[in-house]
Amino acid sequence: MRLLFALLLCGLAAPQPDAVRITVRVLGVRPAKGGVIHVGLHREPGVGFPGPAPQGNQDARAVATEATLTFDVAPGTYAVAVHHDANTNGKMDTNFFGVPKEGYGVSNDPRPRFRAPRFEEARVVVVRDTALVIRMAY
């Protein structure tokens, strides 16, 4: 019983990582298209990037040329993906060749020509409050 109590106290006394804030400022939104700006926060590479993220998703109405959203997270490595869902169908619309027909952007603003951006290109190490600027591509 004493051992269990001691272990419990050690677990409670262990320092917890402080939350940090990631502020994402999305520039170059085309509000005339209407719709929603989806911002996804990714913690690790894998299936889904640059799509919806299990670590956090937030939406903003596309009513201005920019949008600002914030995420409170533990320090770590993240990548942010943005999608302007102009027709609000919940997915990135593409043409026959897979080229996006709606606006998109990712952290660090990589612009590969014939493929989607990769997590490694968009990753940002966050150890304190961080502001990211993402420019939309249409």
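Please read all numbers here as calculations on a predicted model, not as lab measurements.
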### Task
Take Arg135 and Arg111 through the side chain to side chain contact (heavy atoms under 4.5 Å, CB included) test and state the conclusion after the steps.
CA-CA 11 Å; Arg135 289 168 183 78; Arg111 299 281 191 242; 3.9 Å; yes

### Query
Taking C-beta and beyond as the side chain, do Thr68 and Arg25 meet within less than 4.5 Å on heavy atoms?
yes

### Query
Between Asn89 (side chain) and Lys91 (backbone), is there a donor-acceptor pair under 3.5 Å?
yes

#### Entry: Derivation and outcome, side chain to side chain contact (heavy atoms under 4.5 Å, CB included), residues Asn57 and Phe71
CA-CA 9 Å; Asn57 291 291; Phe71 295 88; 6.0 Å; no

### Task
Please examine the side chains of Thr94 and Val99, heavy atoms only from C-beta on, and report whether any two atoms are closer than 4.5 Å.
no

## Note on the structure
When every non-hydrogen atom of Thr88 is compared with those of Gly35, the smallest separation belongs to CG2-CA, 3.7 Å

### Query
Between the side chains of Arg43 and Tyr78, is a donor N or O closer than 3.5 angstrom to an acceptor N or O?
yes

### Query
Is there a donor-acceptor pair under 3.5 Å between the side chain of Asp85 and the backbone N or O of Gly90?
yes

### Message
For a 4.5 angstrom cut-off between non-hydrogen side-chain atoms, does Val126 reach Arg128?
### Response
no

### Query
Is there a side-chain contact between Ile134 and Asp109 (heavy atoms, below 4.5 Å)?
yes

### Message
Counting C-beta onward and ignoring hydrogens, is there a side-chain heavy-atom pair between Val20 and Thr130 closer than 4.5 Å?
### Response
no

### Task
Keeping the roles fixed (side chain from Glu121, backbone from Asn108), state whether a donor-acceptor pair exists under 3.5 Å.
no

#### Entry: Under 3.5 Å: donor-acceptor pair, side chain of Ser107, backbone of Ala122
yes

### Message
When you measure from the side chain of Asp93 to the backbone of Glu102, do you find a donor-acceptor pair of N or O atoms at a distance under 3.5 Å?
### Response
no

### Query
Going by heavy atoms in the side chains, are Val80 and Val39 under 4.5 Å from each other?
yes

### Task
Give a yes or no on whether the backbone of Gly34 and the side-chain of His84 come within a donor-acceptor separation of less than 3.5 Å.
yes

### Task
Please examine the side chains of Met136 and Val26, heavy atoms only from C-beta on, and report whether any two atoms are closer than 4.5 Å.
yes

### Task
Please answer whether the main-chain N or O of Lys101 pairs with a side-chain N or O of Asn95 as donor and acceptor at a distance below 3.5 Å.
no

### Query
Yes or no on side chain to side chain contact (heavy atoms under 4.5 Å, CB included) for Leu27 and Glu66, after CA distance, side-chain angles and deciding distance?
CA-CA 5 Å; Leu27 302 178; Glu66 66 180 70; 3.6 Å; yes

### Query
If we only count heavy atoms from C-beta on, is the Thr23 to Asp129 side-chain gap below 4.5 Å?
no

### Spacing of Leu41 atom CG and Phe49 atom CZ [to the nearest 0.5 Å]
10.5 Å

